[in-house]
Amino acid sequence: MFDSLPVLPPDSILGLAAACRADPNPDKVDLTLGVYMDETGLCPVFDSVQKAQRELVSQEKTKVYMPPTGDAAYLSGIRTLVLGAELEDHLGNRVSAVQTPGGCGAVRLGAEVLHAAASETTVWVSDPTWPVHIPLMGSVGLQFRTYRYYSPELQGLDFDAMLADLEQASPGDVVLLHGCCHNPSGADLSAVQWQQLGSLLAERRLLPMVDFAYQGMGSGLDEDAGGLRSVLASVPEMIIAVSSSKNIGLYRERAGAVIFIGGDDRAAEAMASQAVAAARRVYSMPPAHGALLAGRVLSSPELRQVWSLELEQVCGRINGLRANFRDALVTATGRDFDFIVRENGMFSFLGLSVEQAGRLRQEQSVYMLDSSRINIAGLNGRNISRVVEAVVSVL
Ligand code: LMR
């Protein structure tokens, strides 16, 4: 049966991360995969998570299945984290949530619910977007169109073009947004732009679906949620895909959640029930460990406090690296690299060609994606000058 089955090429992100791991050069630099790395180059376990894990391991008495919707403490913590207590209270039972295997699971279950409600709907995605969005949602059967987003000429968001393209969307279409720390560009909407977008979505009766994988890694937990919260002042419905991979550092534990906001209580219940049924068709119930840890971190005042401070440090370090990298590039080239400090989160486009990115890998063992997206958090005091020299050598 499988004799002529084609062997697929490696994933565009994971394949390059693997190529870097396999590179024997001791001075190699990995700026590929979107994982936070500390000054020593390690993707660390948060202290708050270590503490929650010690507690969990000493107290856990069963490995029985999780409920289909997931861990109640985790879901409650995530809802409040994303919506804020006031908005959550205001929306009441118009909000439902289902725990998922990571943010990908959340995007997928969100897509399943969209397809169940309106199989012909078109999803508008930013150009560019995270390369996995389209296969992840498209394999459910949804159709896509793109809206202009990042402009290499502006070295940032082209908001007018974004609005102009979304003006072409039909009522009932879905707009996939990045809640903060746009992946791959790092270019985000300002608070005013989020409000303008909310008005357009309401006017044209478009449904926002927000991929919210980086809350707290741009400007702060509430600041980063400001955009989607302000859109919710204008529109009655929303789907939010949440990941606990980055901001709680639970990558391999696959902890995430999909939040549904319906026009009324019944709609919110229907959306969650559809998500649970879709999960049952594919993987049955969510994994436990990561969500149980995050649930403890978010619900314990003490752990929550430790975690918030840890996340602030992560965010501060990324923003510090952005400034250092900008300064070093300006010194080396005399050119303007201010766009690096205007962006948020871990990602930035260096504006190099596929060929230049390839040469950096082959000649210098500096690994970035073909699009020249780099993970800023992969920079550190030991490799930053080497990266700057390497980039200058191909410019
Ligand atoms: C990335 O964009 O590098 C991350 O979101 C990790 C992934 O799964 O692609």
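Every number for a ligand or one of its atoms is a count from 1 in the order of the listing.
Shown in contact with Leu33 at under 4.0 Å from a heavy atom are these atoms of ligand 1, numbered in order with element: 3 (O), 6 (C). Atom numbering of ligand 1 starts at 1 in the shown order; those under 4.0 Å from a heavy atom of Lys246 are 4 (C), 5 (O), 6 (C).
Summary of contacts: the protein heavy atom closest to atom 9 (O) of ligand 1 is Trp130 NE1, 3.1 Å.
A salt bridge links Arg229 with Asp222: at least one charged nitrogen is closer than 4.0 Å to a carboxylate oxygen. Between Asp370 and Arg361, at least one side-chain nitrogen of the basic residue sits less than 4.0 Å from a carboxylate oxygen of the acidic one, meeting the salt-bridge criterion.
Contacts between Arg373 and ligand 1, counted as non-hydrogen atom pairs separated by less than 4.0 Å, involve the side chain only. Under 4.0 Å from ligand 1, not a single heavy atom of Tyr251 appears. With a 4.0 Å heavy-atom cut-off, ligand 1 is reached by no atom of Leu14.
Between Gly34 and ligand 1, at least one N/O pair is under 3.5 Å apart.
A continuous path of ILVMFWY side-chain contacts below 4.5 Å connects Leu206 to Trp124, so both sit in one hydrophobic cluster.
In this structure, Glu112 CD and Ser139 OG are separated by 8.0 Å, a value rounded to the nearest 0.5 Å.
Using the six-membered ring where Trp is involved, His133 and Trp130 have ring planes that are perpendicular, over 60° apart on the 30 and 60° scheme. Between His182 and Tyr149, the ring-plane angle classifies as parallel under the 30° and 60° cut-offs.
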